[in-house]
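Scroll down for the structure; my scribbles are underneath it.
Computed from a predicted model, the values in this text were never measured in an experiment. In each ligand, atom 1 is the first atom listed, and ligand 1 is the first ligand listed.
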Amino acid sequence: MHKVLMATACLLSLQCTQGSALQVTDEERSALKSQSDSGSLAPELRLPAEDMRWWQDAKFGIFVHWGLYAIPAKGEWHMHNDKVAPQEYAKLATLFKPKHFNADSWAQAAKDAGAQYMVMTARHHDGFAMFASKTSYRNYDSGHAAAHKDFIADYVTAVRQRGMRVGIYYSPMDWRFPGYFDPKGLPDNAALMKKQGYGQVRELMSNYGKIDILWYDGGWLAHRGSDADAAWFWQPEILNAEVRKLQPKVVINPRSGWQGDFDTEEGGGPVTGPIRQKPWEKTFSIGPAWGYVAGDAMKPGQVIRLVVDAVVRNGNALVNIGPDADGRIPENQLQTLQGIGAWMRVNGEGIFNTRPGPFQPVDGVYGSTMRGKNVYVHVLSWPGDSLQLPPLQGKVVSASTLAGAPVRFSQSGGDIVVSVDAARRDAVDTVIKLETNAP
Ligand code: GLC
């Protein structure tokens, strides 16, 4: 049979094993059965603080969800939510030949928005890998399928060329495997899925140069419980020990069942409360879903507000875009990125390379960041003509907004009071720079 036809037939048939190196050995089968039910802490895998510094300086990244699900355009959960059978869904792999895919234009859009890093879906829960994979189950990857392309290779190069850090999203779980839904009842099938996951993580950590972030997702089983609950199955401490050998400094998120180097908070809900201790990342999508769906996009101000609310609480923000089936970022999402970029060019000094404090945030009113002798007060809403802040150790020697507006301030007997003319305030966040005489 012709090579392409054969690959297509394999994609569509559940029986086909042609070209698939995946087979479970007796050893792997018994390893699976002997595991205990405990979550996985493995503190020795955590990066030391100095290796997390760049990530904490970076603050803002762009997430890209892109895969076969861009064709039906119903979001990345379409296969599962709409109960599309694997062999039916796999037909999308024969149709997926994006005409306008250009990793440079994505990376440039992210760079212009002010992003310091990107994270792209190398493989989502539907199981289709967006890279040329030797270990994909039934050759279900963009190297073997109609696209005949390694999208991750292009992406990695484009991001790196622009001086941004490179992140890869990978979902070890795969809806094509009945064993995912019943790992104890169908252990062989589940073990195949696990083997594919290990193989592909190895490939991603070996074939694309230095990877800065490994962003797992879906470390649970049968969509039940937490990622940590499924650690008995995935054995993330083994997987991530291998990852650390291949990429010693890669920053790893907590969704493999291992605690990870940072915490994640998902969705566009408000960010509130005090400064958090462990580094963490807020993640949400500009569009209606993570994967492409036509529809409204968040406005720049809404995104900036969440970014600022995360940063003043020791967080980063990873903001998602969902390119369409042809590889284009939807126009309204692009406009939002441009609006964010315009704001960042003026106010980024109070975001990037800062740390939260010295003031604890007051929900909906203000928060602060600092670097060296400077304190940046992010005023989100003005309680009146002026804003009163808690005492500072040092003496404020000058104050102005990053947009260049004058700031009236007083510092007598402890508390600091600042005010900015109403006409010169920023509708989302007026960033006031207080220069002090003490670090
Ligand atoms: C979720 C979803 C998913 C999305 C992700 C992003 O766990 O399963 O579709 O990719 O989170 O944070």
For residues 273-289, tabulate all N or O donor-acceptor pairs below 3.5 Å that involve a side-chain atom, not counting sequence neighbours.
{"residue": "Arg276", "atom": "NH1", "partner": "Glu265", "partner atom": "OE1", "Å": "2.8"}
{"residue": "Arg276", "atom": "NH2", "partner": "Glu265", "partner atom": "OE1", "Å": "3.1"}
{"residue": "Lys278", "atom": "NZ", "partner": "Gln259", "partner atom": "O", "Å": "3.1"}
{"residue": "Lys278", "atom": "NZ", "partner": "Gly260", "partner atom": "O", "Å": "3.4"}
{"residue": "Lys278", "atom": "NZ", "partner": "Asp263", "partner atom": "OD1", "Å": "3.2"}
{"residue": "Trp280", "atom": "NE1", "partner": "Arg313", "partner atom": "O", "Å": "2.7"}
{"residue": "Glu281", "atom": "OE1", "partner": "Trp215", "partner atom": "NE1", "Å": "2.8"}
{"residue": "Glu281", "atom": "OE2", "partner": "Tyr117", "partner atom": "OH", "Å": "2.6"}
{"residue": "Lys282", "atom": "NZ", "partner": "Glu265", "partner atom": "OE2", "Å": "3.2"}
{"residue": "Lys282", "atom": "NZ", "partner": "Gly267", "partner atom": "O", "Å": "2.7"}
{"residue": "Lys282", "atom": "NZ", "partner": "Gly269", "partner atom": "O", "Å": "2.8"}
{"residue": "Thr283", "atom": "OG1", "partner": "Leu318", "partner atom": "O", "Å": "3.0"}
{"residue": "Ser285", "atom": "OG", "partner": "Ala289", "partner atom": "O", "Å": "2.8"}
{"residue": "Ser285", "atom": "OG", "partner": "Asn320", "partner atom": "ND2", "Å": "2.8"}

Just wondering, more than 12 heavy atoms not from Arg53 lying within 6.0 Å of its CZ? no
Got a sec: does the CG of Asp51 have more than 12 other heavy atoms crowding it under 6.0 Å? yes
In a simple table, one pair per line, please give the protein and ligand 1 atom names for every N or O pair closer than 3.5 Å, along with the distance.
{"residue": "ligand 1", "atom": "7 (O)", "partner": "Asp217", "partner atom": "OD1", "Å": "3.0"}
{"residue": "ligand 1", "atom": "7 (O)", "partner": "Asp217", "partner atom": "OD2", "Å": "3.2"}
{"residue": "ligand 1", "atom": "8 (O)", "partner": "Trp77", "partner atom": "NE1", "Å": "2.9"}
{"residue": "ligand 1", "atom": "8 (O)", "partner": "His125", "partner atom": "NE2", "Å": "2.9"}
{"residue": "ligand 1", "atom": "9 (O)", "partner": "Glu76", "partner atom": "OE2", "Å": "2.5"}
{"residue": "ligand 1", "atom": "9 (O)", "partner": "Trp77", "partner atom": "NE1", "Å": "3.0"}
{"residue": "ligand 1", "atom": "9 (O)", "partner": "His124", "partner atom": "NE2", "Å": "3.1"}
{"residue": "ligand 1", "atom": "10 (O)", "partner": "His65", "partner atom": "NE2", "Å": "2.5"}
{"residue": "ligand 1", "atom": "10 (O)", "partner": "His124", "partner atom": "NE2", "Å": "2.8"}
{"residue": "ligand 1", "atom": "10 (O)", "partner": "Tyr169", "partner atom": "OH", "Å": "3.4"}
{"residue": "ligand 1", "atom": "10 (O)", "partner": "Asp217", "partner atom": "OD2", "Å": "3.3"}
{"residue": "ligand 1", "atom": "11 (O)", "partner": "Asp217", "partner atom": "OD2", "Å": "3.3"}
{"residue": "ligand 1", "atom": "11 (O)", "partner": "Arg255", "partner atom": "NH1", "Å": "3.3"}
{"residue": "ligand 1", "atom": "11 (O)", "partner": "Glu266", "partner atom": "OE1", "Å": "2.8"}
{"residue": "ligand 1", "atom": "11 (O)", "partner": "Glu266", "partner atom": "OE2", "Å": "3.3"}
{"residue": "ligand 1", "atom": "12 (O)", "partner": "Arg255", "partner atom": "NH1", "Å": "3.2"}
{"residue": "ligand 1", "atom": "12 (O)", "partner": "Glu266", "partner atom": "OE1", "Å": "2.9"}

May I ask you to test the Lys210-Val166 pair for a side-chain heavy-atom distance under 4.5 Å? no
Would the distance check show the side chain of Arg355 and the main-chain N or O of Asn314 forming a donor-acceptor pair, the cut-off being under 3.5 Å? no
With respect to Tyr140, which candidate in Tyr89, Phe128, Phe131, Trp175 satisfies the ring pair (Phe, Tyr, Trp, His ring centres under 6.0 Å) definition? Phe128
